[in-house]
Amino acid sequence: MTGSRAAAGPLAGTVRWPEGKRLALFVNVAFEAWSPGVAPGVSPMGNPLPPGLPDTAAQSWGRFGYRRGIWRLLDTLDRLGTPATVMTSGLLTELAPEAVRAVIAGGHEICGHGWAQEQLPGNLTEDAEAAVIDRCLDALGQAGTEVEGWISPRCTPSPATFDLVRGRGLSWTGDVFDDDRPYLLPGAGAPLVALPLTMETNDLPLVMKHGHTPNSFREIVADSVQAALDSPHPALHLDITAHTHVTGRVGMAGAFEKAIAEAASDPRVWIGTRGQASRLVLAQHTTGVTP
């Protein structure tokens, strides 16, 4: 994304976090759902089934996220007093409305995350993608929250996604991986802040793809935080991302809690939501003054 890089330089170097903190850590909870009869792309059994055979094990595994996982992670965040950005499939307003309301009541930010996870933007026409975005935002709005940010299913936007979310008044997106600092995406209309995602500290690839243990996950987060604090580059941010159907299980939830607590114990780390960060970026970009 050459245009994004060109826009990033001056802004990324001047962003300042609250109280002069060295590093921003975004705690993300991926609260996802698939349409009835559709299985997640990753199965807990590992080996693929014969073509055409429904993966009922993966479907059941995915349902854990809204039956149990979200509640365990909300309890964890409440104990820590940590605000999270919760990437939420709009379908969950129908499958688990009480859980969506609990996320909002807990003071967490809800981020639009599509309607269902199998609806990848690249497989949709622009009109169909716009309808999916509207359906998600409308449902989340009806649940009682105002959505500021967007992360597409699989974090994979279409060429039209940024213009579509910008046109709906959203202020940030996490659908980029090309920096570890915030920047403004080029384009007409209102500013759209890019807050790149950190996949190195995301439970789905680490645990489900690469087989890391809960303690290994915690150590990777700790090592990444320390490396970022030692970096000479300014305004770095990192993510720790927990999927409710992966880290909502008891062993991983314990590692997730320890990882956050360890990072929060360092006085140089600011833990905030992506929405808070985007507002800081926009305020500093507009006024040139750190809030």
Side-chain angles (χ1 to χ4, degrees), residues 23-33 40 42-46 57-58 60-89 92 96 98-111 113 117 151 174 197-229 237-274:
L23 172 70
L25 180 67
F26 306 139
V27 176
N28 306 316
V29 174
F31 188 24
E32 299 176 339
V42 178
S43 171
M45 301 306 293
S60 179
W61 177 70
R63 289 194 296 271
F64 183 94
Y66 65 83
R67 290 171 58 90
R68 289 285 285 163
I70 185 62
W71 300 105
R72 183 169 283 127
L73 293 184
L74 286 175
D75 285 347
T76 297
L77 295 169
D78 183 62
R79 281 194 300 275
L80 294 169
T82 299
T85 297
V86 183
M87 312 172 198
T88 306
S89 302
L92 288 163
E98 68 286 350
V100 175
R101 289 193 293 268
V103 171
I104 298 168
H108 303 291
E109 174 190 22
I110 284 190
C111 159
H113 198 35
Q117 288 305 293
I151 296 177
L197 275 166
T198 316
M199 290 303 292
E200 302 93 302
T201 46
N202 184 312
D203 62 346
L204 199 59
L206 281 176
V207 176
M208 299 306 299
K209 183 176 180 180
H210 300 300
H212 285 280
T213 65
N215 192 56
S216 175
F217 173 75
R218 181 190 63 79
E219 291 176 345
I220 288 169
V221 173
D223 289 347
S224 297
V225 168
Q226 188 60 53
L229 290 169
H237 69 257
L238 289 175
D239 297 277
I240 174 171
T241 299
H243 290 70
T244 61
H245 56 294
V246 178
T247 294
R249 299 169 194 272
V250 65
M252 278 297 297
F256 178 67
E257 183 166 2
K258 290 176 183 176
I260 296 171
E262 289 170 0
S265 69
D266 193 305
R268 297 170 293 175
V269 175
W270 172 67
I271 298 180
T273 67
R274 289 173 150 261

Asp239 backbone acceptor or donor facing Thr198 side chain under 3.5 Å: yes

To the nearest 0.5 Å, how far apart are [atom1] in [X] and [atom2] in [Y]?
| X | Y | atom1 | atom2 | value |
| --- | --- | --- | --- | --- |
| Thr244 | Met252 | OG1 | CE | 12.5 Å |
| His113 | Ile151 | NE2 | CD1 | 7.0 Å |
| Lys258 | Phe217 | NZ | CZ | 13.0 Å |
| Leu80 | Ile271 | CG | CD1 | 8.0 Å |
| Arg274 | Cys111 | CZ | SG | 7.5 Å |
| Glu32 | His243 | CD | NE2 | 4.0 Å |

If you count every heavy atom of other residues, nucleotides or ligands that lies below 6.0 Å from Arg249 atom CZ, does the total exceed 12? yes

Between Glu257 and Arg79, is there a side-chain N and carboxylate O pair less than 4.0 Å apart? yes

Taking all non-hydrogen atoms of both residues, which atom of [X] and which atom of [Y] are closest, and how far apart?
| X | Y | value |
| --- | --- | --- |
| Pro40 | Gly62 | CG-CA, 4.1 Å |
| Pro214 | Gly251 | CB-O, 3.8 Å |
| Glu262 | Ala222 | OE1-CB, 4.0 Å |
| Thr82 | His108 | O-CE1, 3.3 Å |
| Val27 | Pro83 | CB-O, 4.1 Å |
| Ala84 | Thr273 | O-CG2, 3.8 Å |

Do Ser224 and Glu200 get their side chains close enough for a donor-acceptor pair, meaning under 3.5 Å? no

Asp203-Thr247 side chain donor-acceptor pair, cut-off 3.5 Å: yes

Quick check: do Leu25 and Ile260 have side-chain heavy atoms less than 4.5 Å from each other? no

Hey, does Ile240 have a side-chain heavy atom less than 4.5 Å from the side chain of Asn28? no

Candidate pair Val29 and Leu77, rule side chain to side chain contact (heavy atoms under 4.5 Å, CB included), full reasoning: CA-CA 10 Å; Val29 174; Leu77 295 169; 4.1 Å; yes

Among Ile110, Leu74, Val86, Leu73, which residue meets the side-chain contact (heavy atoms from CB on, under 4.5 Å) test with Phe31? Val86

Given Leu238, which of Leu229, Val221, Leu23 fulfils the side-chain contact (heavy atoms from CB on, under 4.5 Å) condition? Leu23

Parallel, tilted or perpendicular: ring planes of Trp270 versus Phe26, cut at 30 and 60 degrees: perpendicular

Quick check with a 6.0 Å cut-off and a 45 degree axis cone: is Arg218 positioned over the face of Phe256's six-membered ring? no

